[in-house]
Participant: 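What follows is a structure written as structure tokens; I'll ask about it next.
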Protein chains: 2
Amino acid sequence: MNATVMSALAEPNRLQMVELLRGHPLTVGEIARQLQIRQPQASKHLRVLSEAGIVESKVDANRRIYSLCPAPFRELDDWLENYRVLWEDRLNRLDDYLQTLEKKLPAEQQD
Amino acid sequence: MNATVMSALAEPNRLQMVELLRGHPLTVGEIARQLQIRQPQASKHLRVLSEAGIVESKVDANRRIYSLCPAPFRELDDWLENYRVLWEDRLNRLDDYLQTLEKKLPAEQQD
DNA sequence: CAGGAATATTCCTGTAAAGGAATATTTATA
DNA sequence: TATAAATATTCCTTTACAGGAATATTCCTG
């Protein structure tokens, strides 16, 4: 997994931007307005998102329309695949059981 | 989605720790050794992971055994659910198609 | 073509966080 | 009980980054 993507999403405003763009592409000004931040900050955050490959922009005359790129989300999903075993798999419970057992044994098995 | 989790995973060493712990629980010393970092730094990073709820520790006498907590990964997975449409769904192509159409129309539909 | 709108960029400042070194704390062990 | 091992914590320094303000740039419109 790419730490850059995580880093880009670690900033609350940027995370909000992503959630905002989930609906549909948006203009810088519109993003700034909805997030209640100033335009320069919005541009800067969008730059970070863009450099992380999370977002791309399309020029529309005066405006830039930003939209989400699928790739990093797919990668995140692929990465998470390796961790699904943590909550989906039954082996967890077995593991927990064995560890609990280990804790108990020394006291019960005092021969 | 929680920016704190993202923030915790944004640091390369911590991301590596998580990937390391995916295999099985580990000791602080063992983690430090495998990541080739000093013990105090390992402890500090584990603290951050712990406070983000990504990791938990079990006391074993002299040692602390760290293991992954399922919750944040599940939450991440749930969050991603909303974005799967970005690459899985056919609506994307429809959306692209409509936008392409919009671009073309002004020229073709000159009535 | 002048003015204004939309956006990006630069400079400055404050703050958070990472790493290093030293040390405190707990526990096993000789 | 003194010592060593494993870990956490503290203090210090450096660096990265976020926000503010100002400004440059591009493009539309009257």
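Given the structure is predicted, the values throughout are model-derived calculations rather than measurements.
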Participant: Taking CZ from B:Arg47 and C1' from D:dA6, how many angstroms apart are they, rounded to a whole number?
Facilitator: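 Between C1' of D:dA6 and CZ of B:Arg47: 17 Å.
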Participant: So does B:Arg63 get a side-chain nitrogen or oxygen closer than 4.0 Å to the phosphate oxygens (OP1/OP2) of D:dA6?
Facilitator: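 Yes, B:Arg63 has a side-chain N/O under 4.0 Å of OP1/OP2 on D:dA6.
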Participant: Out of curiosity, A:Ile54 CD1 to A:Leu9 CG, how far, rounded to the nearest 0.5 Å?
Facilitator: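 Going from the CD1 atom of A:Ile54 to the CG atom of A:Leu9 covers 4.0 Å.
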Participant: Can you find a side chain N or O atom of B:Tyr66 that sits less than 4.0 Å from OP1 or OP2 on D:dA6?
Facilitator: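 False: B:Tyr66 side-chain N/O out of range (4.0 Å or more) of D:dA6 OP1/OP2.
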Participant: Would you kindly give the CG-to-C1' distance between A:Asp60 and D:dC28, to the nearest whole Å?
Facilitator: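 Whole-Å distance recorded here is 11 Å.
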Participant: Rounded to whole angstroms, how far apart are CG on B:Leu46 and C1' on D:dA8?
Facilitator: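 It works out to 11 Å between those atoms.
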Participant: First locate atom CD1 of B:Ile65, then atom CG of B:Leu21, and finally report the distance between them rounded to the nearest 0.5 Å.
Facilitator: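 With rounding to 0.5 Å, CD1 (B:Ile65) is 11.5 Å from CG (B:Leu21).
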Participant: Please identify each residue that fulfils side chain to side chain contact (heavy atoms under 4.5 Å, CB included) with B:Glu75, with sequence neighbours left out.
Facilitator: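 Result, side chain to side chain contact (heavy atoms under 4.5 Å, CB included) vs B:Glu75: B:Ala71.
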Participant: Take B:Trp79 and B:Val5 through the test side chain to side chain contact (heavy atoms under 4.5 Å, CB included) and record every step on the way to the result.
Facilitator: CA-CA 12 Å; B:Trp79 181 72; B:Val5 170; over 6 Å; no
Participant: Which nucleotide, if any, forms a Watson-Crick or G-U wobble pair with D:dG30, using both distances under 3.5 Å?
Facilitator: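 Because both required distances fall under 3.5 Å, D:dG30 counts as paired with C:dC1.
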Participant: With A:Glu51, which residues qualify under side chain to side chain contact (heavy atoms under 4.5 Å, CB included), at least two apart?
Facilitator: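 Side chain to side chain contact (heavy atoms under 4.5 Å, CB included) check on A:Glu51 returns A:Arg47.
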Participant: Check side-chain hydrogen bond (donor to acceptor under 3.5 Å, both in side chains) between B:Arg33 and all other residues, then give those that pass, not counting sequence neighbours.
Facilitator: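 For B:Arg33 the side-chain hydrogen bond (donor to acceptor under 3.5 Å, both in side chains) partners, ignoring immediate neighbours, are B:Glu30.
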Participant: Send over the distance from B:Arg33 CZ to D:dT7 C1', rounded to a whole Å.
Facilitator: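 Distance, rounded to whole Å: 17 Å.
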Participant: Nearest 0.5 Å please: distance from the CZ atom of B:Phe73 over to the CG atom of B:Leu80.
Facilitator: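 Interatomic distance, B:Phe73 CZ to B:Leu80 CG, rounded to 0.5 Å: 12.5 Å.
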Participant: Quick one: salt bridge (charged side-chain N to carboxylate O under 4.0 Å, His left out) pairs with a partner in residues 1-27 of chain A, sequence neighbours left out?
Facilitator: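 Checked against salt bridge (charged side-chain N to carboxylate O under 4.0 Å, His left out) - neighbours excluded - no pair reaches residues 1-27 of chain A.
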Participant: Polar pairs (N or O, both sides) under 3.5 Å between protein and nucleotides 17-20 of chain C?
Facilitator:
residue: C:dA18; atom: OP1; partner: B:Arg14; partner atom: NH1; Å: 3.1
residue: C:dA18; atom: OP1; partner: B:Arg14; partner atom: NH2; Å: 2.8
residue: C:dG19; atom: OP1; partner: B:Asn13; partner atom: ND2; Å: 2.9
residue: C:dG19; atom: OP2; partner: B:His45; partner atom: NE2; Å: 2.7
residue: C:dG20; atom: N7; partner: B:Gln41; partner atom: NE2; Å: 2.9
residue: C:dG20; atom: O6; partner: B:Lys44; partner atom: NZ; Å: 2.6

Participant: So, under a plain 3.5 Å distance rule, would you say the side chain of B:Gln39 forms a donor-acceptor pair with the base of D:dA8?
Facilitator: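 When only heavy-atom distances are counted, B:Gln39 does reach the base of D:dA8 through a donor-acceptor pair under 3.5 Å.
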Participant: Could you state the interatomic distance from CD (A:Gln16) to CD1 (A:Ile37), rounded to the nearest 0.5 Å?
Facilitator: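 Taking CD in A:Gln16 and CD1 in A:Ile37, the distance rounds to 8.5 Å.
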Participant: Generate the contact string for nucleotides 24-29 of chain C. Rules: B means base contact, S means sugar-phosphate contact only, - means no protein heavy atom under 4.0 Å.
Facilitator: --BBS-
